[in-house]
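The structure under discussion appears below in the form of structure tokens.
Predicted model, so just to flag it, every value in this text is computed and none were measured. Positions are given from 1 along the sequence.
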Amino acid sequence: MRGWFGARAATFLAIVCGCGALAPQTAAVNITIDYSFDTNNFFSSQVRRDALQAAADFYSDILEDTLVGGTIPSRVTSTVDDGYWEWQLRFTNPSTGAAEIVTSATLAQDEYLIYAGGRPLGGNTLGQGGPGGFAFGRFNNQGEFDDTIQFASNQFPTINQGNSDFQAGFVDRGETDGFVRWGGALTFDSDGSTNWHFGIESGPTSSGQSDFLSVALHELGHTLGLGASSEWTSLVNSGRFQGPAAIAANGGIAPPADFGHWQEGTQSTIYGTFTRQEAALDPIITSGTRK
């Protein structure tokens, strides 16, 4: 899963600024958090869930996309052998780091689903996040797979084409261009070396604390494709991000970026203000600070 947020010493692509006040607005995209894979119980306390939800609400309040919902079609099994066809959502399990597959899910209109949890990340890495993927295909339990399958109505119309309703609801989300996914996954360091601050209204109270809200905003950005999608990388040229919205927000200059982040130290403005700060999507945050 791409994207990490380290600590010093202790379209969706229109988002360019650092993140500031979490003022409620009329939301178009609804980022929902799923804790069903939080088997290490990182989010066992409500204060931690509230902090992550505050970060998710920030993005929900400013994203204006309209996303079609949908349901994964049921598995279709061969009538002549042990083979079957199915759609799969794929992502990195936030608690184990292993590849995870989900074959039963429903997305509501405008819902963007995030699986969240925690695990030991090692070093100075505070979090990881990225968009999920999907797969459609035939699988067999043993032996050869026979293509002679009785297909359920409108689920798998041909041997090489998936269900059109699912394609719209989980893959394209009704969008015709730009970054789009069903959702993604993110995880936070739980090895005991990170002294997390989970406050929402104010930042860390000591230099040794790592601000969870800042890290959550950064990693959620990755789950939305920022620095973690082909749409992002296609706009990076010679160390500069060529997206027109980013250039306009940066005073007409293409901001410095690589294939995962803004360049370390890149300055921006806190969203909704004229206050300057280091951009939330650069790769480093200083312990004891909020951005």
Side-chain angles (χ1 to χ4, degrees), residues 3-5 7 12 14-38 40-65 67 94-95 108 110-119 121 126-131 181 183-190 194-206 209-228 268-273 275 277-282 284-291:
W4 64 276
F5 209 16
F12 288 131
I15 302 169
V16 63
C17 302
C19 302
L22 306 178
Q25 302 175 30
T26 301
V29 173
N30 178 29
I31 298 176
T32 61
I33 310 297
D34 187 303
Y35 297 101
S36 59
F37 291 94
D38 183 30
N40 294 328
N41 297 315
F42 181 84
F43 288 100
S44 58
S45 66
Q46 191 61 45
V47 66
R48 298 187 177 199
R49 295 191 178 200
D50 288 345
L52 182 57
Q53 190 61 55
D57 289 346
F58 172 82
Y59 283 110
S60 293
D61 287 343
I62 63 175
L63 293 172
E64 299 177 351
D65 302 73
L67 305 177
S95 295
D110 297 326
E111 181 180 19
Y112 195 85
L113 177 64
I114 303 292
Y115 293 103
R119 69 176 187 273
L121 296 178
L126 301 177
Q128 293 180 344
R181 289 288 194 282
L186 73 170
T187 189
F188 300 91
D189 183 50
S190 66
T194 302
N195 180 16
W196 287 111
H197 168 75
F198 290 97
I200 298 174
E201 299 302 326
S202 59
T205 57
S206 73
Q209 290 183 317
S210 294
D211 188 47
F212 178 83
L213 182 63
S214 298
V215 178
L217 286 166
H218 178 106
E219 300 305 339
L220 278 167
H222 285 316
T223 70
L224 293 166
L226 298 172
S268 186
T269 55
I270 297 176
Y271 183 78
T273 77
T275 304
Q277 69 161 30
E278 189 177 62
L281 261 292
D282 91 338
I284 300 293
I285 185 171
T286 301
S287 296
T289 65
R290 164 163 291 181
K291 61 174 181 176

Test item: D110 side-chain N/O and L67 main-chain N/O as donor-acceptor pair under 3.5 Å: yes
L213 and F198, any side-chain heavy atoms less than 4.5 Å apart: no
Backbone of A116 reached by a side-chain donor or acceptor of D38 within 3.5 Å: no
Side chain proximity check, L281 to H222, heavy atoms < 4.5 angstrom: yes
No-hydrogen, no-angle side-chain donor-acceptor test under 3.5 Å, S214 and D211: yes
Any R48 side-chain heavy atom under 4.5 Å of F42 side chain: yes
Validation row: L52, Y35 side chains within 4.5 angstrom (heavy atoms): yes
Check: L224 and L63 side chains under 4.5 Å, non-hydrogen atoms: yes
Nearest-0.5 Å distance that lies between atom CD1 in I31 and atom OG in S60: 4.0 Å
Whether N40 side chain and G118 backbone form a donor-acceptor pair below 3.5 Å: yes
Salt bridge D282-K291, side-chain N to carboxylate O under 4.0 Å: yes
Nearest-0.5 Å distance, CG of residue N195 to OG of residue S206: 6.0 Å
Rounded distance [0.5 Å steps], CG in L217 versus CG in L226: 11.5 Å
Neighbour count above 12 (heavy atom, 6.0 Å) for E201 CD: no
Atom of L220, atom of T223 and distance for their closest heavy-atom approach: O-OG1, 2.7 Å
Over all atoms of both residues, closest heavy-atom pair of G117 and P94: N-CB, 3.4 Å
Interatomic spacing from CZ in R290 to CD1 in I270 - rounded to 0.5 Å: 10.5 Å
Non-hydrogen side-chain atoms of L126 and L121 separated by less than 4.5 Å: no
Spacing of S95 atom OG and F37 atom CZ [to the nearest 0.5 Å]: 9.5 Å
Main-chain N/O of D50 paired to Q53 side chain as donor or acceptor, under 3.5 Å: no
Heavy-atom donor-acceptor pair, R49 side chain to F43 backbone, under 3.5 Å: yes
Close side-chain approach of T194 to F188, heavy-atom, < 4.5 Å: no
Test item: side-chain donor near acceptor, T205 and Q209, under 3.5 Å: yes
Any side-chain donor near an acceptor of the partner, Q128 and T187, under 3.5 Å: no
P131 to A228 - nearest heavy-atom pair and separation: CG-O, 3.4 Å
Atom pair CD1/CG of I33 and L186 - distance to nearest 0.5 Å: 6.5 Å
Ring centre gap for Y112 and Y59 strictly below 6.0 Å: no
Note, D34 side chain near L113 side chain (heavy atom, < 4.5 Å): yes
